[in-house]
Amino acid sequence: MDYFDNYSPYLEIDGTKLVDGYPNDQKNHQCPHVFYCPNCLTEQVYLIDEIIF
């Protein structure tokens, strides 16, 4: 979500999850993270479970 625009890192996470393209990440308490492989030059998005206190 931080890659949307210059101000995205400063927005509330729950609000940006509504428009990030992953329809269930807010409901499932997950965050999309981009991983890059320098060997094959590809990016992959993984949904990582949030820690809920």
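Computed from a predicted model, the values in this text were never measured in an experiment.
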* Under the salt bridge (Lys or Arg N to Asp or Glu O under 4.0 Å) rule, what pairs show up with a residue in residues 44-53, not counting sequence neighbours? ->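 Matches after skipping sequence neighbours: Lys17-Glu50.
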* Decide yes or no for Thr16 and Ser8: does some side-chain heavy atom of the first lie under 4.5 Å from some side-chain heavy atom of the second? =>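 SC-SC contact between Thr16 and Ser8 ruled out.
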* Heavy-atom side-chain proximity of Cys31 to Leu47 below 4.5 angstrom ->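 In short, these two side chains do not touch, never coming nearer than 4.5 Å.
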* Asn24 side, atom CG; His29 side, atom NE2 - distance, nearest 0.5 Å ->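 One finds 11.5 Å between CG of Asn24 and NE2 of His29.
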* Asked: Between CG of Leu18 and CD1 of Ile13, what distance do you get to the nearest 0.5 Å?
  ->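 If we round to the nearest 0.5 Å, Leu18:CG and Ile13:CD1 are 12.5 Å apart.
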* Asked: Judged by atom type as modelled, is there a donor-acceptor pair below 3.5 Å linking the side chain of Asn28 to the main-chain atoms of Gln30?
  ->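 No; zero donor-acceptor contacts below 3.5 Å.
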* Where do Tyr10 and Asn6 come nearest, in terms of heavy atoms and distance? ->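 Heavy atoms only, the tightest pair is CE1-O, 3.8 Å.
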* To do: Determine which pairs satisfy ring-ring contact (aromatic ring centres under 6.0 Å, His included) with at least one residue from residues 30-50, sequence neighbours left out, and list them in order.
  =>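 Pairs touching residues 30-50 that pass the test: Phe35-Tyr46.
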